[in-house]
Amino acid sequence: MNDNNTKKSGLPRHICIIMDGNGRWASKRFMPRQLGHKAGMDRVIDIVEYSSNLGIEYLSLYAFSTENWKRPAEEVNALMELLVVYIRNQLNSLKKNNVKIHIMGDKSALPNIARREIERSIKETENNTGMVLNLGINYGGRDEIIKACKELYRQVQNENMDIEKIDENMFSNYLYTANQPDPDLLIRPGSEQRLSNFMIYQTAYTELYFTDVLWPDFGKTELDEAIDEYRKRKRRFGGL
Ligand code: IPE
Ligand code: IPE
Ligand code: MG
């Protein structure tokens with residue numbers, strides 16, 4: 001649903017967010033890290049709804065990286081449980097807002113219950129025509145590129161494709177974001193200034209925005225600030 005009062009020109013079509021800082025948010029409050037993730041999930045709910053009302057076409061959220069499996073099992077399990085809770089609690093409201101769920105990442109390694117809920121959410125929102133919500137779950141940019149290379153190699157090997165026809169456009173259609181525009185704006189809360197393996201192919205010309213605000217404190221005002229900053233940027237894409 002687009003709110004024409006808030007929809008202004010120069011809005012990024014595709015925003016991606018590295019949702020970082022949940023653990024530090026909790027530690028600052030002498031709380032277990034899990035409560036930081038719970039508070040982070042509440043921001044996901046707000047930001048998804050707000051972005052969709054603003055008229056953002058694609059929102060990509062980094063929820064769990066291929067490297068996050070290195071964390072203690074207790075934390076990994078808590079994150080997977082939160083994912084299930086998020087889908088169970090939010091699916092109706094996502095449907096009401098015409099949001100279409102898309103997953104970036106290798107679902108095969110996820111616990112059965114998480115995979116089932118994800119598949120259900122994809123199925124139940126597949127005909128929605130509003131904002132596309134890309135959830136990065138067990139997502140890694142390098143993993144994604146290697147997967148694309150393997151698939152292309154298979155096609156060439158089966159003589160379904162001429163290797164000389166592979167170009168940037170075709171390659172990007174073998175990524176999880178096939179047929180989507182590259183992100184215009186990448187936001188990383190939580191003070192770190194790195195990509196941590198997030199959308200490394202797609203962000204070649206994305207505007208980067210870093211903030212010290214921790215993800216559980218990142219609300220509508222902070223998203224507005226990031227979008228205002230984006231509007232001031234001069235994008236040249238290598239030209240003049
Ligand atoms: C981001 O918060 C959430 C995930 C990586 C799943 P962190 O858990 O990385 O929080 P910090 O960086 O330790 O504060
Ligand atoms: C990036 O945060 C991953 C997600 C937000 C899902 P991390 O906390 O895992 O990143 P590093 O380890 O600080 O680079
Ligand atoms: Mg972190």
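Indexing begins at 1, ligand by ligand and atom by atom, following the structure's order. Heavy-atom basis, side chains included; hydrogens, waters and symmetry copies ignored. Residue numbers count from 1 along this sequence.
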Provide, line by line, the atom pairs where ligand 2 and the protein bring an N/O atom each to a distance under 3.5 Å; else say none.
unit_1	atom_1	unit_2	atom_2	d
ligand 2	8 (O)	Asp20	OD1	3.2
ligand 2	8 (O)	Arg71	NH2	3.2
ligand 2	9 (O)	Asn68	ND2	3.0
ligand 2	9 (O)	Arg71	NH2	3.4
ligand 2	10 (O)	Arg188	NH2	3.3
ligand 2	10 (O)	Ser196	OG	3.4
ligand 2	13 (O)	Arg194	NH2	2.8
ligand 2	14 (O)	Arg194	NE	2.8
ligand 2	14 (O)	Ser196	OG	2.6

Tyr209/Tyr230 aromatic ring centres below 6.0 Å | no
For [X] and [Y], test the side chains for any donor-to-acceptor distance below 3.5 angstrom and give the result as yes or no.
{"X": "Asp212", "Y": "Ser191", "answer": "yes"}
{"X": "Asn68", "Y": "Glu75", "answer": "no"}
{"X": "Arg188", "Y": "Ser196", "answer": "yes"}
{"X": "Thr129", "Y": "Asn98", "answer": "yes"}

If a pair satisfies ring-ring contact (aromatic ring centres under 6.0 Å, His included) and one of its residues is in residues 94-123, list it, with sequence neighbours excluded.
-> none
Pull out every atom of ligand 1 sitting under 4.0 Å from any heavy atom of Arg33, numbered as shown with elements.
-> 7 (P), 8 (O), 10 (O), 13 (O)
Numbered atoms and elements of ligand 1 in range of His37, under 4.0 angstrom, heavy atoms = 3 (C), 8 (O)
Determine, for Asp106 against Lys147, whether the closest basic-nitrogen to carboxylate-oxygen distance falls under 4.0 angstrom.
-> no
Ion pair Glu67/Lys70, N-O distance below 4.0 Å | no
Side-chain donor/acceptor of Thr125 to backbone N/O of Ile101, under 3.5 Å | yes
Side chain to side chain contact (heavy atoms under 4.5 Å, CB included) partners for Glu119, two or more places apart | Lys107, Arg115, Ile122
Ignoring waters, protein N/O/S atoms under 2.8 Å from the Mg ion (ligand 3) are Asp20 OD1
